[in-house]
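Report on one structure; see the data block that follows.
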Amino acid sequence: MSDPDLFEVAQQQGRALVTYNRVDFEPILREYAQTNREHHGLVIVHPRRFPSWEFARLATAIEGLLAGPTLGMAFLVWLQEPGRGA
């Protein structure tokens with residue numbers, strides 16, 4: 001599935017998308033902004049900060065993000081360690 005299609009499916013399901021792929025997803029967000037379309041959010045994960053083999057740390061950080069303040073619609077977040085802010 002292409003990145004735009006994947007993002008669209010997430011939006012149809014009311015889901016934010018979590019990805020390491022900033023390069024391909026930032027243009028998709030720009031397109032949404034240019035056409036005044038809201039989305040359910042994008043969480044970008046830095047591969048050096050959260051390597052894929054450290055899944056427990058990644059899951060804990062996502063859990064911390066979900067436990068924090070409501071982000072609303074059309075958000076873009078760089079994932080941080082819990083307690084460091086988003």
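Sequence positions, counted from 1, serve as the residue numbers for this chain. Side chains included, hydrogens not; waters and symmetry mates left out as well; all remaining heavy atoms used.
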#### Entry: For the student: nearest non-hydrogen atoms of E26 and I44, plus distance
OE2-CD1, 4.1 Å

### Summary
Value for CG (L6) from CG (D3), rounded to nearest 0.5 Å, stands at 6.5 Å

### Task
Determine the minimum heavy-atom distance between A10 and L17, stating which atoms define it.
CB-CD1, 4.4 Å

### Task
Not counting sequence neighbours, which residues clear salt bridge (charged side-chain N to carboxylate O under 4.0 Å, His left out) with E63? List them please.
none

### Separation between CG of D24 and OG of S2, rounded to the nearest 0.5 Å
10.0 Å

### Message
Is any side-chain heavy atom of L76 closer than 4.5 Å to one of F25?
### Response
no

#### Entry: Contact list for residues 8-18, test side chain to side chain donor-acceptor pair (under 3.5 Å), sequence neighbours left out
E8-Y32, E8-R37, Q13-R15

### Message
Distance check, rounded to the nearest 0.5 Å: E31 atom CD versus H39 atom NE2?
### Response
11.5 Å

### Pairwise side-chain contact, L66 with I62, heavy-atom cut-off 4.5 Å (strictly under)
yes

### Task
Applying side chain to side chain contact (heavy atoms under 4.5 Å, CB included) between T19 and each of V45, L42, V43, report the one that passes.
L42

### Message
Tell me whether V23 shares a hydrophobic cluster with V77, the cluster being built from Ile, Leu, Val, Met, Phe, Trp, Tyr side chains joined at under 4.5 Å.
### Response
no

#### Entry: Considering all heavy atoms, the nearest R57-R49 contact
NH2-O, 2.8 Å

### Query
How long is the span from the CH2 atom in W53 to the CG atom in L58, to the nearest 0.5 Å?
12.0 Å

### Task
Work out which heavy atom in H40 is nearest to a heavy atom in F75; give both atom names and the distance.
O-CE2, 3.2 Å

#### Entry: Nearest non-hydrogen partners of L79 and F50, listed with the distance
O-CE1, 3.5 Å

### Query
At their closest point, which heavy atom of R48 faces which heavy atom of P51, and how far apart are they?
O-CD, 3.8 Å

### Task
Please examine the side chains of R22 and W78, heavy atoms only from C-beta on, and report whether any two atoms are closer than 4.5 Å.
yes

